[in-house]
**Student:** 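Here it is: the structure, laid out below.
Chain letters run A, B, ... following the sequence lines, proteins first and then strands; every chain starts at 1.
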2 protein chains.
Amino acid sequence: MKITILDVARHAGVSKATVSRVINHNPKVNEQIKERVLHSIKELGYQPNAIARSLANSRSNVLGLILPDIVNPYFPVLARGIEDSARQMGFSLFISNTDNDPENEQDYIKKMYSQQVGGIILVTSTLDEAKAEKLDKLNIPIVLCDRLIENTPFDTVSIDHYKAAYEAVLYFIRKGHKKICHLAGPSFVQSADMRRQAYIDAMQEFGLHPLYRIGDFSYQSGYELMNSVLNEADVSAVFGANDLIALGAINAIQEKGLKVPDDVSVIGCDDISFAQMSNPKLSSIMVPAYEIGQRAVELILERIKGVRSKTKNLILEHRFIKRET
Amino acid sequence: MKITILDVARHAGVSKATVSRVINHNPKVNEQIKERVLHSIKELGYQPNAIARSLANSRSNVLGLILPDIVNPYFPVLARGIEDSARQMGFSLFISNTDNDPENEQDYIKKMYSQQVGGIILVTSTLDEAKAEKLDKLNIPIVLCDRLIENTPFDTVSIDHYKAAYEAVLYFIRKGHKKICHLAGPSFVQSADMRRQAYIDAMQEFGLHPLYRIGDFSYQSGYELMNSVLNEADVSAVFGANDLIALGAINAIQEKGLKVPDDVSVIGCDDISFAQMSNPKLSSIMVPAYEIGQRAVELILERIKGVRSKTKNLILEHRFIKRET
DNA sequence: GTGAAAGCGCTAACAC
DNA sequence: GTGTTAGCGCTTTCAC
């Protein structure tokens, strides 16, 4: 029923090999014959079977993306950057959500491996050196996005989380704030951890007392942590580990009858699209998610093509965006 | 280098066929032997090659998801519903964004076809009867989500967009609103079109004058359309075709110095997570995106397994959620 | 129950 | 330049 390369070959009066050469743009095919083959392909509506090609090549034109949760508004942008680039390079994309569960992560990696994906883009928080070593043995290109793991042989694309957070806190300090609190993300997430560390360092450097809570990157946790903080202390500025937390915090602040930014200033992180839609509009640290995705694909492709073997660690620029909070 | 079924067979002292039977849970394998094979699989760390299996079976354990844009906050939830269900059933998921471009859509369908996906879940706005017919000939299970196309043989999962919109307008009317406007989505999107039609019908039924603008489902377009409306008319209520539009509209309303909901009431649609994070909190029509995704996978699997051949059109329940706007 | 062998659709030597 | 052929790793008759 389905049209195969053999059908095309017969139709064009050539061998499968020739058709294969045409498909793969092998230059040494007679122009005449090439035309004939192309014609047959059109006429028959032939569509090469990607699965068969993958098997024959032992590698596929597919990339895998493994991230915590596509519902978190930071990730769709990353995913689009990846998908757009991947597509441009002729790759399809697998996607899967780990919910930060190491088991899911391992599971997905295995699955993708068995699908012979050309490479995997991983946003992980649960990978440790031991697992990384095993992963490396799979001998499949891996790029870590956004959250880096020390001492791994993998390429990475990220921003300087420490610096970004430090700058945010510094901004507050320069504005004269003394009572600055930080609502952090999970400590097992490297980026959250670095932001928290930067916050602590900055505070201490200026002789200020760090005050932070650890949450889970959600709006709800931002809301709850902020309430907890407000019940115990007087605060004039809060730095949220991401925008959702910051937005939740604002909600809590306002519910207490305080004004943002008059009574309490807020800065988030990621600059998700809702930062500019919120009311008041959220000040945030812009993380170039889309570009991170693009660069990740670039790195993977360099590996696939074998044009580079040295590990590359890309750090992209963030940018503090002052809005209303 | 890689461990194949043959390695396992040799290690266990059996044939490839037997190993294959074990992998596929074929019951007629001697328990003893089965144990032996299982042991070898563990010991060698064997991972069946999904590509080879797909080729041999001429079908893969992969589903395809084609949607307009994962960055639109409605879709990640749908995607999660699909991914979670797919995973549970042992399927992986391809994902791709069309930006509502028919060419992209066709392109992706072809790609997925050539990847021998087991089925495709499609959120389309550009499919017409002619294309649908061609698609149907591919002989691959397709489920249309959210946006339906008349007279297609495909399974569908959606809500009753017309009814949902009608209820929203009715709600306004019962509250005594007369000057109700509608900020619609693109007319080539079936769901947007139905919502707009429902708006018009409801207004006319109550002797009110319809006033609407057509946009593109974005925050920006909601903002601009609302400005355009406010410049021309006096309005006390606005129904946005989705939450982004509604949020943009609120921004425009407030910029004009009007209060929401005191001067102008607003209802959105989709109930994206930000509806409850916005300030004021957005009233919206809840669309069960996650469940739509789950059901779509169910329908696909029924087709794959061949347990059903009759077209099924699922209509899930929406729910009006009154919040602050 | 188990194995041998053909074949899924394609690619890549290797000959000619 | 082009065709022949041997796989890629697995499933699935078909004998035994």
**Student:** Would B:Arg80 and A:Asp99 pass as an ion pair if we require N to O under 4.0 Å?
**Tutor:**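 So B:Arg80 pairs with A:Asp99 through a salt bridge.
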**Student:** Does a nitrogen or oxygen in the side chain of A:Ser20 sit under 4.0 Å from OP1 or OP2 of C:dT11?
**Tutor:**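 So the side chain of A:Ser20 is within the cut-off, an N or O lying under 4.0 Å from OP1 or OP2 of C:dT11.
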**Student:** What nucleotide, of C:dG7, C:dG3, D:dG7, holds the atom closest to the side chain of B:Ala56?
**Tutor:**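 Of all the options, the side chain of B:Ala56 is nearest to C:dG7.
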**Student:** Would you mind classifying the nucleic acid contact of B:Thr18 as base, sugar-phosphate or nothing, using non-hydrogen atoms under 4.0 angstrom?
**Tutor:**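 Contact class for B:Thr18: sugar-phosphate only.
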**Student:** If you assign A:Arg21 and A:Lys16 each to the DNA chain D nucleotide with the nearest heavy atom, which residue ends up on the more 5' nucleotide?
**Tutor:**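 The residue closer to the strand's 5' end, by nearest nucleotide, is A:Arg21.
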**Student:** Taking the side chain as every heavy atom from C-beta outward, state whether B:Arg36 and B:Ile33 have any pair of such atoms under 4.5 Å apart.
**Tutor:**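 Heavy-atom side-chain distance check passes, below 4.5 Å.
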**Student:** Quick one: which of D:dT2, D:dC10, C:dC10 gets closest to the side chain of B:Arg53?
**Tutor:**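 Among D:dT2, D:dC10, C:dC10, the one nearest the side chain of B:Arg53 is D:dC10.
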**Student:** Measure from the side chain of A:Asn24, starting at C-beta and using heavy atoms only, and say which of C:dT11, C:dG3, C:dA12 lies closest.
**Tutor:**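 From the listed options, C:dT11 comes nearest.
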**Student:** Under 4.0 Å from OP1 or OP2 of D:dC8: is there any side-chain N or O of A:Asn57 that close?
**Tutor:**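 No, A:Asn57 has no side-chain N/O under 4.0 Å of OP1/OP2 on D:dC8.
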**Student:** For a side-chain hydrogen bond (donor to acceptor under 3.5 Å, both in side chains) with A:Asp155, tell me which candidate from A:Arg303, A:Lys310, A:Lys312 qualifies.
**Tutor:**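 When side-chain hydrogen bond (donor to acceptor under 3.5 Å, both in side chains) is applied between A:Asp155 and each of A:Arg303, A:Lys310, A:Lys312, only A:Arg303 qualifies.
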**Student:** Give a yes/no on whether any side-chain N or O of B:Ser15 is located under 4.0 angstrom from OP1 or OP2 of C:dG3.
**Tutor:**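 Result: yes.
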**Student:** Between D:dC10, D:dG9, D:dT4, which nucleotide gets closest to the side-chain atoms of A:Leu55?
**Tutor:**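 Closest nucleotide to the A:Leu55 side chain: D:dG9.
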**Student:** On DNA chain C, nearest-nucleotide positions of B:Lys34 versus A:Val19: which is more 5'?
**Tutor:**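 Result: B:Lys34.
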